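Predicted model, so just to flag it, every value in this text is computed and none were measured.
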Amino acid sequence: MARWAMLSRVSAAVLGGYALASAGAVLLGALLPGPRAEAVLAGAQASFALYTATVVLAFAVHDLRRVWLGLLLPALAMATVGFYL
């Protein structure tokens with residue numbers, strides 16, 4: 001049981017973190033003012049910090065359901081808004 005919980009946390013950190021960081025990069029690239037290239041670069045740089053924060057979050061939160069929901073729901077929301085922008 002503990003192995004599956006650890007596998008789930010690692011999967012949440014890697015996969016959920018990637019989804020959240022990439023959605024955040026797309027959203028920031030669309031929202032930041034200035035030239036398009038600079039906004040995209042700033043969004044990509046911010047995604048590294050966001051990915052690091054999601055890895056910490058995946059191992060800091062006790063409940064696995066909260067970990068997955070806390071990563072995937074904001075990622076889905078950011079990806080949807082970024083898609084429509």
Side-chain angles (χ1 to χ4, degrees):
M1 185 69 170
R3 289 183 186 181
W4 292 110
M6 181 58 71
L7 180 64
S8 179
R9 284 189 191 277
V10 170
S11 298
V14 173
L15 301 175
Y18 178 78
L20 189 64
S22 63
V26 168
L27 182 64
L28 285 175
L31 289 179
L32 290 176
R36 185 65 144 182
E38 290 181 12
V40 170
L41 283 174
Q45 288 176 342
S47 72
F48 289 108
L50 188 58
Y51 186 77
T52 303
T54 58
V55 170
V56 171
L57 174 84
F59 289 97
V61 177
H62 182 69
D63 187 22
L64 281 173
R65 187 177 327 143
R66 281 187 160 187
V67 170
W68 280 104
L69 289 176
L71 293 176
L72 295 181
L73 289 180
L76 182 63
M78 285 193 287
T80 303
V81 172
F83 177 75
Y84 285 112
L85 289 178

So does F59 have more than 12 non-hydrogen atoms from other groups sitting under 6.0 Å from CZ? yes
Point-to-point distance, once rounded to the nearest 0.5 Å, from OG1 of T52 to CG of L57: 12.5 Å
Shortest non-hydrogen contact from A25 toward S47: CB-CB, 3.9 Å
Heavy-atom pair with the smallest gap, counting every atom of D63 and R9: N-NH2, 4.4 Å
Check whether any side-chain heavy atom of Y18 sits under 4.5 Å from a side-chain heavy atom of L15, and report yes or no. no
Restricting to non-hydrogen atoms, name the atom on L20 and the atom on T54 that form the minimum distance, rounded to 0.1 Å. CD2-CG2, 3.0 Å
Considering non-hydrogen atoms only, spot the tightest contact between L28 and G43 and give its length. CB-CA, 3.8 Å
For residues M78 and V26, determine if any side-chain heavy atom of one lies less than 4.5 Å from a side-chain heavy atom of the other. no
If I compare all heavy atoms of L32 with all of A42, which pair ends up nearest, and what's the gap? CD1-CB, 3.6 Å
Taking atom CG of L64 and atom CE of M6, what is their separation to the nearest 0.5 Å? 9.5 Å
In the structure I gave you, are the side-chain heavy atoms of V14 and Y51 within less than 4.5 Å of one another anywhere? yes
Contact summary for L31 and L85, nearest pair of heavy atoms: CD2-CD1, 3.3 Å
Could you check whether any side-chain heavy atom of L76 comes within less than 4.5 Å of a side-chain heavy atom of L72, counting everything from C-beta outward? no
